[in-house]
Participant: 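A single structure is presented below for examination.
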Number of protein chains: 2
Amino acid sequence: MIDAGLKSPVTRKSGVALWRQIADQMRQAIGTGVLGADGRLPPEIALSERFGVNRHTVRSAIAALVQEGVLRAEQGRGTFVESRKRLSYPISARTRFSTGLRDQTRDRRSTLLADMVEPASSRVAEALKLTAGADVIRLETLSEADGRPVSRATSWFEAQRFAGFAKAYAKTSSITASFKQFGIDDYFRHSTLVSARHADAADLADLKLSPGAIVLVAVAINVDPEGKPIQFAETRFAADRVELTVSTEA
Amino acid sequence: MIDAGLKSPVTRKSGVALWRQIADQMRQAIGTGVLGADGRLPPEIALSERFGVNRHTVRSAIAALVQEGVLRAEQGRGTFVESRKRLSYPISARTRFSTGLRDQTRDRRSTLLADMVEPASSRVAEALKLTAGADVIRLETLSEADGRPVSRATSWFEAQRFAGFAKAYAKTSSITASFKQFGIDDYFRHSTLVSARHADAADLADLKLSPGAIVLVAVAINVDPEGKPIQFAETRFAADRVELTVSTEA
DNA sequence: TTTAGTTGTATAGAGCAATAGACAAATATT
DNA sequence: AATATTTGTCTATTGCTCTATACAACTAAA
């Protein structure tokens, strides 16, 4: 057995149910290969001893992970890991969604959920270096890999310069390809701001997360070769499924 | 009043108590200035209506945030914001802790919690390009800003090349200064891997977090001017107090 | 076939979480 | 001084969480 006497403490009276704490820890451990590396979970009794709780509490945690599709339980045989590895999403000067995950997934897909034209908020205007209230195009997109939602992004573009961008994106499902239709053959990631928070109701629905899950939030500005901002985007990643790689080539 | 009819939904039967969900949302909203931008919180009744819960549930959430030092309640007057803004921690080719936060805080401090020499795990050996089992120095450090814990790091260095590094660090409280004593006047951030997870028991204690809190985990490799790895580090940031800025200068 | 090991189901009790209503205490406003 | 607003305390009730115990159902191995 691989799992030695790892004490994995849980906190009582914290406002977070023990079964959920355990589910979160197990999901994390499975994602990093610490637990169930051989595809099989230790028996419920062993887990309950490790976490210092009743067997039924562990069962609740397992039930939640089965519901999520992380585990699969078979009566009489055991509990098995259904899906494991975490995707690594690169952030660099040349960050692009599709290319970044190319080697790690069989199937990738981006969906345009909604698009609209709206006046720029001060936050958006500042990022795109526009005057506040100027028209901007907003794109709501969802990216999936191997059938599982990976990220949910909201992007803004200058409406004047990129009129019809949504149509181009709907056709190509690619930001890079869409930019090409506007004469931008190359672009660069100027800055990225990374934070983390609990998933809100919208995140839970869009990314098919379970309550209490964590999202990594990346707020980014892309610029054209002249250094002019062309895209401002806030992307929410499911922290259980993705990690961000920042390569700072000197 | 600034806070309009923002619906802020909470999820029932999720294994996370409503008061904790609300506390998390409020902490987040306060950190980004969405809530209590004028330093004052809406009355409990108004909050309970916004979140769709009983007043007592909101009171539990407020009590938790008072305990954390985020809020201060005064009978008859109202509830007030005690500390607000989030630090922005830059990640670039020249990432250094002290310089990064210089402009944002009055007081910074790094503490050496522990140091030891141990054989390199496969993970550490791979990062530092050593043979597995080679001796490495491990440093456990805590960084605080304005009296509040900001990050908790575990660093590894090649023991042969950096014998006595812990002593140097204990004296200078600075990685940069310690490297100088070993003839390294400059070094670079090679790569950074960012992920997020729930804080474990150790994080809660070290960073003085409340259960259910989130930590941003940055796993980084620093290299000397020749490109040879000199430091491998895993840093845990309190996600409520810090965000990471990735500047990708082309 | 028997046995051991594992997951699934059932029941009961103790403690926490959330709701509800009422009122006290302190402050600010009229 | 009187009133309204706001936080603090108390009691009671309901439902969820966790524990404990027992046994059923299924699988694999002796």
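In this text the structure is predicted, and so the values were computed from the model without any measurement. Protein chains get the first letters and strands the later ones, always in sequence-line order, with residue 1 at the start of each.
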Participant: Starting at atom CD1 of Ile62(A), determine the distance to atom C1' of dT7(C), rounded to an integer number of angstrom.
Facilitator: 9 Å
Participant: What about His56(A): does its side chain form a donor-acceptor pair under 3.5 Å with the base of dA10(C)?
Facilitator: yes
Participant: Tell me the interatomic distance from Phe80(B), atom CZ, to dA26(C), atom C1', rounded to whole angstroms.
Facilitator: 12 Å
Participant: What distance separates Phe232(B) CZ from Arg123(B) CZ, expressed to the nearest 0.5 Å?
Facilitator: 4.0 Å
Participant: Send over the distance from Leu47(B) CG to dT5(D) C1', rounded to a whole Å.
Facilitator: 15 Å
Participant: Quick check for you: among dT19(D), dG8(C), dG8(D), whose closest atom lies nearest to any side-chain atom of Arg55(B)?
Facilitator: dG8(D)
Participant: Among residues 63-73 of chain B, which residues get a heavy atom nearer than 4.0 Å to DNA chain C?
Facilitator: none
Participant: Specify the residue among Ser60(B) and Leu41(A) whose closest nucleotide of DNA chain C lies further upstream toward the 5′ end.
Facilitator: Leu41(A)
Participant: So which nucleotide from dG8(D), dT17(D), dA18(C) ends up closest to the side chain of Glu44(B)?
Facilitator: dG8(D)
Participant: Grab the two heavy atoms, one from Gly15(B) and one from Trp19(A), that are nearest each other, plus how far apart they are.
Facilitator: CA-CZ2, 3.3 Å
Participant: Just to be sure I understand the rule, does Thr79(A) reach a base, reach only the sugar-phosphate, or reach nothing, if contact means heavy atoms closer than 4.0 Å?
Facilitator: sugar-phosphate
Participant: Only one of Lys208(B), Arg152(B), Arg197(B) forms a side chain to side chain donor-acceptor pair (under 3.5 Å) with Asp203(B), so which one is it?
Facilitator: Arg197(B)
Participant: Report the residue (Arg20(A) or Gly76(B)) whose heavy-atom-nearest nucleotide on DNA chain D is the more 5′ of the two.
Facilitator: Gly76(B)
Participant: Give the rounded distance in Å between these two atoms: CZ of Arg59(B) and C1' of dG8(D).
Facilitator: 5 Å
Participant: Whole angstroms only, please: what is the CG-P distance between Asn54(A) and dG13(C)?
Facilitator: 17 Å
Participant: By nearest atom, which of the nucleotides dA18(C), dT6(D), dT7(C) is closest to the Ala17(B) side chain?
Facilitator: dA18(C)
Participant: Just checking, is any N or O donor in the side chain of Ser88(A) or Thr245(A) under 3.5 Å from an acceptor N or O on the other one?
Facilitator: yes
Participant: I need the CG-P distance between Leu18(A) and dG15(C), as an integer number of Å.
Facilitator: 15 Å
Participant: Testing the 3.5 Å rule here: is there a donor-acceptor pair between the side chains of Ser151(B) and Thr235(B)?
Facilitator: no
Participant: Between dG5(C) atom C1' and Arg40(A) atom CZ, what is the distance in whole Å?
Facilitator: 9 Å
Participant: State whether Thr57(A) places a side-chain N or O below 4.0 Å from either non-bridging phosphate oxygen (OP1 or OP2) of dT19(D).
Facilitator: yes
Participant: Under 3.5 Å, is there a donor-acceptor pair between the side chain of Arg138(A) and the main chain of Thr154(A)?
Facilitator: no
Participant: Would you kindly say whether Ser48(B) and Arg59(B) are connected by a side-chain donor-acceptor distance under 3.5 Å?
Facilitator: no
Participant: Tell me: CD of Gln75(B) to P of dC10(D), nearest whole Å?
Facilitator: 12 Å
Participant: Is the shortest side-chain N/O distance from Arg77(B) to OP1 or OP2 of dT7(D) below 4.0 Å?
Facilitator: no
